[in-house]
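Structure first, commentary second.
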Protein chains: 4
Amino acid sequence: MREEKQEKIITAALQLFEQQGYHATKVSDIVREAGVAQGTFYLYFKSKEDLFRGIVESCLQEIIETMEKGVPELCGETEIYRMIEGTLRVFAHNKTIFRIIYKHGIASSELRDITAEFYRRMMVIVKSELVRLRSYPEYNDEELEIVAYSKIGMVEAAAYQWFVVKNSGPEVVEKIARVLVNMRLGCPQEGEAAE
Amino acid sequence: MREEKQEKIITAALQLFEQQGYHATKVSDIVREAGVAQGTFYLYFKSKEDLFRGIVESCLQEIIETMEKGVPELCGETEIYRMIEGTLRVFAHNKTIFRIIYKHGIASSELRDITAEFYRRMMVIVKSELVRLRSYPEYNDEELEIVAYSKIGMVEAAAYQWFVVKNSGPEVVEKIARVLVNMRLGCPQEGEAAE
Amino acid sequence: MREEKQEKIITAALQLFEQQGYHATKVSDIVREAGVAQGTFYLYFKSKEDLFRGIVESCLQEIIETMEKGVPELCGETEIYRMIEGTLRVFAHNKTIFRIIYKHGIASSELRDITAEFYRRMMVIVKSELVRLRSYPEYNDEELEIVAYSKIGMVEAAAYQWFVVKNSGPEVVEKIARVLVNMRLGCPQEGEAAE
Amino acid sequence: MREEKQEKIITAALQLFEQQGYHATKVSDIVREAGVAQGTFYLYFKSKEDLFRGIVESCLQEIIETMEKGVPELCGETEIYRMIEGTLRVFAHNKTIFRIIYKHGIASSELRDITAEFYRRMMVIVKSELVRLRSYPEYNDEELEIVAYSKIGMVEAAAYQWFVVKNSGPEVVEKIARVLVNMRLGCPQEGEAAE
DNA sequence: AATGAATGAGCGTTCATTCAT
DNA sequence: TATGAATGAACGCTCATTCAT
């Protein structure tokens, strides 16, 4: 019973932020949707921005935790596949929060620090994977970061197009994952394209 | 002399949108910065949103045109390098507009359609390159789109981290480009990493 | 206690609309006069026009109801006198709203429909009286309407001149009523004027 | 050629004031419609209100002159008919200006003095007719004024309903005039209704 | 804890008027 | 005389936040 109202406010806010974005969502909309009084909002949240940041932060925290748990002990092509597929599934499963963030701006004053921290932690996860798998033994730390951020961007871009823009469901995850795993750069290497 | 004031307004707006974002930038800020009267703003722009969309649209249009001109006749590893480097340079050179967009949200109601169109056109450019180079002869259109969007995301993510978050200058372009060109997926394939 | 503020706003608005007219009366004037905050206005009224129409509509509604109750069972010269006198008293008693309406324009976009309805209902009241008294048994409906509207205009014009333009008080009601009752058209018919 | 532009502005203004009313008509609308530049307006008129008052004043002046010329030498029932018919025709012919006035408010701050003067002069015309015809030999001046204003209101009300609200044309003039001439007050006089 | 009426600073926009050319 | 770009004061309205109950 305790915090029941807080939960209702968060649920309502998530829904409205996703539909209309942060700026277009009024506190009065949220409380109406949540079925509580205007003043009640400020019993649980310092401000509208406080609620917003709280929501985004905890959602991204949860995602990071999922990612951290999900990567252990992968090696070889199949494992790469599982990692990419897993990441895509996380995106697909967390459409709401990603929609909210893409709608509001990852570099917005309200989210900049939160998203920076999120991407940094994602990068760390990927980087340690790269290190563990010795994919780029000759690279220094900064070069590994470049690789890590780029790989994240690769998956993220596909996820954005299919889950946010085209609004596809998890059924496309496998198809995308398969393509991403087989991706190479530039021109056909000898024999490949000709095959 | 004609359109001098319009230019001043756009310059001021670019600067303020970049610094403070769209919502925090008041029309009164823009005109003060531009040194014109409040009413003058509405002589040249239907509304604040009209100016914003106009700015974003024309900047992205320009970028697209640069990209379209810049890709011709590439083939082989070196050419791939040039393409990636060129793209990174475009990002580095257009920091302001990318900052504005990332700050405001690529899926925001004000920009959604514009950014969707931009990414689509970027994807088309990359896709036709893939087709021309026969990189993925066995892929159908949707699979090529996945590859194209992912490659864009790859470059974009690195550009975002270095040019927007870390605020680096064009001097890092070569370093990043070199890493991106040599990127492979997952574990070292037999012989590759050792080579 | 509830609706106390709404009442204060309406009172202030009535006063200001009468003095300055709708367009010259600013919402800020009204709230200052009412002693409430700017935002409070919009707690009770959708817009300035909403308040204006609401005020005019309810005042005219009240007048119509007074008129409908006031006409029963009249017959003969004396009764006609009472009817005219009653109508004049209604005008004298409702100076404020009539001033507001004449000031704003009975055919103004904001009031057109309201005044049209008001005059139509006044006409219906008078017409049914004409029917009941069999004053014009040979007339069809449209002809009765002409008579009704004209009779209203007759009283209204006198009321406008004395109560609005000259700002006289109810003390002139009897004098005007007596003249209106004895009014005839055109030249003196034989015997009439001499009588 | 001189004053050609002034004429064009007035024509445009008349049209727009009738359609949209004074407040909704912008100076920019008028000059666009008139095909002149914004600044030209102020070459011919001190202000928007100056133009408005000028238009109303000259139209009403013209009407007064028509009325003054039109009433001479009437006597008897038929003459009364001609007078009422003439007045109705004047209303029907001057729909535009009456629409403008009714739309803007005869007691509005912009028109109050002009309409007061107009009605006073109309009243004087009617009153002198009453005196000439000895219709109310026993009445003093104020009583004659009451009669005059009421008679004007009688005709005006019918004119308003048919020419402004219902937007009928001059073809209804005769019908209305006939009814107005035969109007009496109150109950049927002996024999009349029973006939 | 919960309410919801009240607040008021602040914003985007309008438009009659001016003035340099 | 004619232009039309430029002005800036002013207004209606919003909405996050507060506070008396």
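Small disclaimer: the values here were computed from a predicted structure and weren't measured. Throughout, protein chains are lettered first and strands after them, A, B, ... in sequence-line order, and every chain is numbered starting at 1.
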Would you list the protein and nucleotides 11-13 of chain F atom pairs, both N or O, that sit under 3.5 Å from each other?
residue, atom, partner, partner atom, Å
dG12(F), OP1, Lys48(C), NZ, 3.1
dG12(F), OP2, Val27(C), N, 3.1
dC13(F), OP2, Tyr42(C), OH, 3.0
dC13(F), OP2, Lys48(C), N, 3.1
dC13(F), N4, Gln38(C), NE2, 2.9

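Between Gly39(B) and Gly39(C), it is Gly39(C) whose nearest contact on DNA chain E lies nearer the 5' terminus. When the nearest nucleotides of DNA chain F are assigned to Gly35(B) and Val36(D) by heavy-atom distance, the more 5′-ward of the two goes with Val36(D).
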Take Phe163(D) and Phe91(D) through the ring-ring contact (aromatic ring centres under 6.0 Å, His included) test and state the conclusion after the steps. CA-CA 8 Å; Phe163(D) 301 139; Phe91(D) 274 96; 7.5 Å; no

Chi angles and distances behind the side chain to side chain contact (heavy atoms under 4.5 Å, CB included) call for Val56(C), Ile97(C): CA-CA 7 Å; Val56(C) 173; Ile97(C) 194 63; 4.1 Å; yes

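In this entry the distance linking CZ of Phe45(A) with P of dC15(F) reads 20 Å, nearest Å. Remark: C1' of dT21(E) and CD of Glu4(B) are 15 Å apart, rounded to the nearest angstrom. Rounding to whole angstrom units, CG of residue Leu16(B) and P of dG12(E) are separated by 12 Å. Glu7(B) places its CD atom 13 Å from the P atom of dA6(F), with the value rounded to the nearest Å. Rounded to an integer number of Å, the gap from Ile9(A) CD1 to dA1(E) P is 12 Å. Computed from coordinates, the Arg32(C) CZ to dA6(E) C1' distance equals 19 Å when rounded to whole Å.
Picking from dA6(F), dA1(E), dG4(F) the nucleotide with the shortest atom distance to the side chain of Lys5(B) gives dA6(F). Residue Leu43(B) has its side chain nearest to dA5(F) when only dA5(E), dA5(F), dA2(F) are considered.
Within 6.0 Å of atom CD in Glu62(B), 12 or fewer heavy atoms from other residues, nucleotides or ligands are found, so the atom counts as exposed in its surroundings.
Remark: dA1(E) base-pairs with no nucleotide; criterion is Watson-Crick or G-U wobble with both hydrogen-bond distances under 3.5 Å. With a cut-off of 3.5 Å on both Watson-Crick or G-U wobble distances, the partner of dT21(E) is given as dA2(F). Using N1 to N3 plus N6-O4 or O6-N4 for Watson-Crick, or N1-O2 and O6-N3 for G-U wobble, each under 3.5 Å, dG8(F) pairs with dC15(E).
Separation of the Tyr160(A) and Tyr102(A) ring centroids falls under the 6.0 Å cut-off.
Under the 4.5 Å side-chain criterion, counting only non-hydrogen atoms from C-beta, Phe118(A) is not in contact with Ile101(A).
Asp29(D) and Ala24(D) get closest at one heavy-atom pair: OD2-O, 3.9 Å.
Inspection of the Glu57(D) and Gln61(D) side chains reveals no N or O donor paired with an N or O acceptor under 3.5 Å.
Tyr44(D) has a side-chain polar atom (N or O) that falls below the 4.0 Å cut-off from OP1 or OP2 of dA2(F). Phosphate proximity of dA6(E) to Thr40(C): absent, as no side-chain N or O sits under 4.0 Å from OP1 or OP2.
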